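Single-structure report; data block below.
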There are 2 protein chains.
Amino acid sequence: MNSSALPSTPAPGRPKDMEKRTAVLEAAMVLFPSRGYDGVSMDAIAQAAGVSKLTVYSHFADKEALFGAAVTECCAQLLPHQLFVPDPGLPVAEALFQIARPFVDLMMDERAVSLHRVMISQAGQDRRLTEIFFCAGPRAILLEMESFLQEARRSGYLRVADPARASEHFFCLLKGLGHMRVLVGLSEPPSSEQRDAHVREVVGIFLRAFAPEAL
Amino acid sequence: MNSSALPSTPAPGRPKDMEKRTAVLEAAMVLFPSRGYDGVSMDAIAQAAGVSKLTVYSHFADKEALFGAAVTECCAQLLPHQLFVPDPGLPVAEALFQIARPFVDLMMDERAVSLHRVMISQAGQDRRLTEIFFCAGPRAILLEMESFLQEARRSGYLRVADPARASEHFFCLLKGLGHMRVLVGLSEPPSSEQRDAHVREVVGIFLRAFAPEAL
DNA sequence: GTCTATATAGCGATAGAC
DNA sequence: GTCTATCGCTATATAGAC
């Protein structure tokens, strides 16, 4: 598409183009989650990016388009961070802990919390964007867990009739009331020790519910 | 305070006062949760209430005060609706179902969902308001469940070391992924049959995790 | 392609008539 | 106590100079 090797006309003038575009996008990725869609103006984004407002409009059609790009990029950057795959051959309880502990850290991450807030506050506005968020976030994690549970069932370590549903239960327990409290701004994220204790408790419940042998 | 029996001066002119006040408050209780704090203007509230904008300002100091009153009233109207007390003498599984089923209905109630959305989107704005919401909502339900679990433990029907934590787990499982999907606007609330099945599954998990005998 | 300056519109909150 | 009309401010989006 883009001819980039012509000496005379090296594509009519776009050297700093991408730099400014990413500056704008990065500013939007910080401001939108932290202050909400209505809470941040195009001026604020332009100022934070160190460019003029019209430069923002030259790269993104309007505010909604910039918001969509920012959310999409946030999803992409937050998730692959760590896709919870436990070491093979570990006892089930340990494997579950290795999956659960980074998940709790992710859920308490300030950026993830802000992203949740802004997606919830924009519910019903842009369905395609919601699906992007959900598929890149919750859905991806759930699928990872589902395949782990299928393997554990095949090996006889767990008795899960419906791995997809069991995955939902597991992560809902992990989020717990703590996530809700942080989401509404009532609590600070828990300490590392509190997270450890919480994860251990949840893993215990999950095992009592789905382990083949009775405790 | 208010002398209401003087024939000559029946309190200098306040007959329709409360009527308009409630009209304004009811309009705010509908509009704020559905369109968000920034999404609704004082003009819109005045128009929906059928009064002038200055009438709104005569009853509520500013937009924040009106928002606070609306949220507080929403909490009061949504909760006492049904404070989940099961019939005494019922089997534990049945009692849990009687607690859980109306809770799921409440969580899927459009007004409750909208209230969640607006509280989450306003996180960090007004801490006192957040506490009003949390105490009137989640906290009240959790305390009810906690006392039920204490009684069940005393009777030997359940083996819950920490009733408060077990209550959290129970309701987090009940909310499940479905609540999240509705919250972000990805799914419609589930059908009555789906809710039944979900509640039965969660009660089963809870019992396998906390019942004294193994399944 | 980028910036300063501006058009247009809507917001929260207020002043004065009845 | 209630309403019409308006101020002051800020937002999105655009027009013209370099």
Side-chain angles (χ1 to χ4, degrees), chain A residues 2-4 6 8-28 31-32 34-70 118 121-122 125-126, chain B residues 1-4 6 8-28 31-32 34-71 118 121-122 125-126:
Chain A
N2 203 343
S3 59
S4 57
L6 289 178
S8 56
T9 58
R14 289 212 201 137
K16 293 186 245 175
D17 200 18
M18 278 322 208
E19 280 184 23
K20 301 212 171 179
R21 184 195 158 90
T22 55
V24 170
L25 192 55
E26 282 175 7
L31 290 177
F32 275 132
S34 70
R35 303 217 292 251
Y37 182 81
D38 295 312
V40 49
S41 67
M42 295 295 262
D43 281 284
I45 292 174
Q47 189 174 346
V51 302
S52 182
K53 187 160 58 165
L54 195 124
T55 305
V56 177
Y57 278 100
S58 73
H59 288 287
F60 301 94
D62 53 13
K63 194 179 181 181
E64 282 191 30
L66 177 55
F67 177 74
V118 78
S121 70
Q122 287 296 104
Q125 291 303 117
D126 187 343
Chain B
M1 293 293 188
N2 201 345
S3 58
S4 57
L6 290 181
S8 56
T9 59
R14 289 217 203 132
K16 292 186 246 176
D17 199 18
M18 277 322 207
E19 280 184 24
K20 302 213 170 179
R21 185 194 159 89
T22 55
V24 170
L25 192 55
E26 283 175 6
L31 290 177
F32 274 131
S34 69
R35 305 218 288 250
Y37 182 81
D38 294 311
V40 50
S41 67
M42 294 297 261
D43 281 284
I45 292 174
Q47 189 175 347
V51 301
S52 182
K53 188 160 60 166
L54 194 127
T55 305
V56 176
Y57 278 100
S58 73
H59 288 289
F60 301 94
D62 54 13
K63 194 180 182 181
E64 282 192 30
L66 177 55
F67 177 74
V71 167
V118 78
S121 69
Q122 288 295 106
Q125 291 301 118
D126 186 343

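From a predicted model like this one, the values you see are computed outputs, not experimental measurements. Below, chains carry the letters A, B, ... as their sequence lines are ordered, and counting in each starts from 1.
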Which whole-number value in Å describes the distance from A:Glu19 CD to C:dT2 C1'?
14 Å
Kindly say whether B:His59 contributes a backbone atom to a donor-acceptor pair with the side chain of B:Lys20 at under 3.5 angstrom?
no
Under 3.5 Å: donor-acceptor pair, side chain of A:Ser41, backbone of A:Ala44:
yes
Can a side chain N or O of B:His59 be found less than 4.0 Å away from OP1 or OP2 on D:dT2?
yes
Residue pair A:Ala27 / A:Ala48: nearest heavy atoms and the distance that separates them
CB-CB, 3.9 Å
Sugar-phosphate means primed atoms, P, OP1 and OP2; the rest is base. With that split, encode nucleotides 3-18 of chain D 5' to 3' as B, S or - using protein heavy atoms under 4.0 Å.
BB------SBBBB---
Measuring only between side-chain heavy atoms, which start at C-beta, is B:Ile45 closer than 4.5 Å to B:Phe32?
yes
For A:Asp62 against A:Met42, the heavy-atom pair lying closest together:
C-CE, 4.1 Å
Could you check how far CZ of A:Arg21 sits from P of C:dT2, rounded to whole Å?
12 Å
